[in-house]
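In what follows, every chain begins at residue 1, and chains take the letters A, B, ... in the order their sequences are listed.
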Amino acid sequence: MSFWLFKSEPGEFSIDDLARKRSKTEHWDGVRNYQARNFMRDEMRKGDRAFFYHSSCAEPAVVGTVRISREAYPDHTAFDPDDSHFDPKSNPKQPTWFMVDVKLQERFDRPVTLAELKRYADRELAGFRLLARGNRLSVMPVTESHWNFILSLR
DNA sequence: GCCAACGTTGGC
DNA sequence: GCCAACGTTGGC
């Protein structure tokens with residue numbers, strides 16, 4: 001089993017939005033970065049666990065965990081001209097973009113903020129990609145030790 | 001293949 | 001709103 005982190009702007013899709021979905025499950029659409037796509041398409045497996053991270057907001061933070069409930073399949077929003085993630089160059093017969101389904105596992109009682117994570121950047125969280133300078137990946141792997149340490153902060 | 005221009009991300 | 005970082009685009 002592998003561990004991951006998904007970023008989402010809470011104004012777009014928050015962990016509370018996920019909690020309101022039927023079966024607390026939703027597809028993770030809109031990823032339009034090749035490295036992030038490759039992680040989802042090639043490496044994510046059903047049952048893998050991931051952090052739900054709120055970005056571009058007042059308090060950036062890890063706010064909970066999800067499980068991968070369906071492995072990668074084509075992201076239909078890439079073919080929809082009315083969707084904000086529409087990609088005119090993508091082709092349904094040879095999809096470029098993929099998504100997975102995620103199911104809410106735990107909504108933390110207390111968010112683990114980016115500010116808090118940074119305090120451990122040179123120790124327990126050394127090498128954590130979220131803290132790397134200039135990091136912009138919206139989907140990234142998390143090591144098991146980083147996973148366990150962040151869970152210990154909640 | 002190079003690289004400048006441009007758009008996006010995301011913290012602050 | 002600002003700005004640094006980075007990915008993508010497109011001319012050459």
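Not a single donor-acceptor pair under 3.5 Å links the side chain of A:Ser152 to the backbone N or O of A:Ile150.
Atom NE2 of A:His54 is separated from atom P of B:dG11 by 12 Å (rounded to the nearest Å). Per the geometry, CG belonging to A:Leu137 stands 10 Å off P belonging to C:dT8, to the nearest Å. Atom pair A:Arg129:CZ and B:dT9:P shows a separation of 18 Å (rounding to whole Å applied). If you measure from atom CG of A:Leu117 to atom P of B:dG10, you get 15 Å, rounded to the nearest angstrom. Counting to the nearest Å, the P atom of C:dT8 and the CZ atom of A:Arg136 are 9 Å from each other. Regarding A:Asn135, its CG atom lies at a distance of 9 Å from the P atom of C:dC6, rounded to whole Å. Spacing between atom CH2 of A:Trp97 and atom C1' of C:dT8 amounts to 10 Å, rounded to whole angstrom units. Regarding A:Glu12, its CD atom lies at a distance of 13 Å from the C1' atom of B:dT8, rounded to whole Å.
Environment of NZ in A:Lys24: sparse, with no more than 12 heavy atoms of neighbouring residues, nucleotides or ligands closer than 6.0 Å. Remark: A:Asp42 CG is packed, more than 12 non-hydrogen atoms of other residues, nucleotides or ligands lying under 6.0 Å away.
Contact check of residues 36-43 of chain A against DNA chain B (heavy atom, cut-off under 4.0 Å) returns no residues at all.
Between B:dG10, B:dC12, C:dA5, one nucleotide has an atom nearer to the side chain of A:Ser56 than all others, and that is B:dG10. Closest contact between the side chain of A:Lys89 and the listed nucleotides C:dG7, C:dA5, C:dT9 involves C:dT9. For A:Tyr34, the listed nucleotide lying nearest its side chain is C:dT8; candidates were B:dG11, C:dT8, B:dG10.
Between A:Glu26 and A:Lys103 no salt bridge is recorded (no basic side-chain N to carboxylate O distance below 4.0 Å).
One finds a side-chain N or O of A:Lys7 lying less than 4.0 angstrom from the OP1 or OP2 phosphate oxygen of B:dG10. Phosphate proximity of B:dC12 to A:Lys118: present, with a side-chain N or O under 4.0 Å from OP1 or OP2. Regarding contacts with the backbone of B:dG11, a side-chain N or O of A:Tyr53 is found under 4.0 angstrom from either OP1 or OP2.
Here the two rings, on A:Tyr53 and A:Trp4, have centers that are 6.0 Å apart or farther.
For the residue pair A:Ser14 / A:Asp16, no side-chain donor-acceptor distance below 3.5 Å is found, with atom types taken as modelled.
For the pair A:Arg70 and A:Tyr73, the distance from NZ or CZ to the six-membered ring centre is under 6.0 Å and the angle to the ring normal is within 45 degrees.
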